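Below is one structure, written out as structure tokens; comments come after it.
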Amino acid sequence: MTRKTGELKKRCWLAKQRLKMGYFDSRRDTETPLPAEPIAAYSMRTRFAEVATTSVADEKMYRKVCEILDSNEITLNPIGQLIERDVYDELDATGKQRYILELSEKFRELQERYYRERTGS
């Protein structure tokens with residue numbers, strides 16, 4: 001254990017020395033320049049585009065969730081009703097698991113939204 005600790009301390013000391021000597025600052029000068037467009041404007045533009053595209057899909061899914069929750073019958077598998085089969089069938093095993101987990105999280109969020117809107121709080 002002490003041998004590993006000694007090696008870690010040595011590496012930390014060397015990294016600190018590199019920072020003091022300005023090693024990383026000199027490397028930064030040789031890198032590609034930053035884009036002319038400010039990063040904040042770029043990130044806001046991409047976020048707006050993501051929100052615009054995802055909100056349409058979210059609203060479509062929200063309507064499906066409302067139909068499921070408004071029906072008088074007890075639904076045993078609401079996630080199964082929300083699955084888009086053409087997308088799901090083309091995924092591998094890990095992709096299917098990820099898709100189901102993301103879909104269940106989205107269903108939970110939309111279900112909370114549904115109950116918030118119905119109760120008025």
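Nothing here was measured: the structure is a model prediction, and the numbers come from that model.
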If we ignore angles and hydrogens, is there a donor and acceptor under 3.5 Å between the side chains of E109 and Y114? no

State which residues pass side-chain hydrogen bond (donor to acceptor under 3.5 Å, both in side chains) with [X]; sequence neighbours excluded, sorted by chain then number.
| X | answer |
| --- | --- |
| Y88 | none |
| R85 | none |
| D92 | T94 |

Among N77, I79, L82, which one satisfies side-chain contact (heavy atoms from CB on, under 4.5 Å) with I68? L82

side-chain contact (heavy atoms from CB on, under 4.5 Å) between L69 and T75: does it pass, once the steps are laid out? CA-CA 8 Å; L69 295 175; T75 306; over 6 Å; no

In plain terms, say whether E102 and K106 are close enough for a salt bridge, that is, a side-chain N and a carboxylate O under 4.0 Å apart. no

Identify, with sequence neighbours excluded, every residue that meets salt bridge (Lys or Arg N to Asp or Glu O under 4.0 Å) alongside [X].
| X | result |
| --- | --- |
| R108 | E112 |
| E90 | none |
| D70 | R118 |

Does some side-chain heavy atom of E84 sit less than 4.5 Å from a side-chain heavy atom of Y99? yes

Test side-chain contact (heavy atoms from CB on, under 4.5 Å) on Q97 and L91; report intermediate values, then the result. CA-CA 9 Å; Q97 289 177 353; L91 298 173; over 6 Å; no

D58 and L110: which non-hydrogen atoms are nearest, and at how many Å? O-CD1, 4.3 Å

Could you tell me the separation between the [atom1] atom of [X] and the [atom2] atom of [Y], rounded to the nearest 0.5 Å?
| X | Y | atom1 | atom2 | value |
| --- | --- | --- | --- | --- |
| Q81 | I83 | CD | CD1 | 10.5 Å |
| E7 | C12 | CD | SG | 10.0 Å |
| K96 | L101 | NZ | CG | 14.5 Å |

Using the rule given for side-chain contact (heavy atoms from CB on, under 4.5 Å), can you reason through Q111 versus Y62, listing the C-alpha separation, both sets of side-chain angles and the distance that settles it, and then say yes or no? CA-CA 8 Å; Q111 183 181 20; Y62 180 66; over 6 Å; no

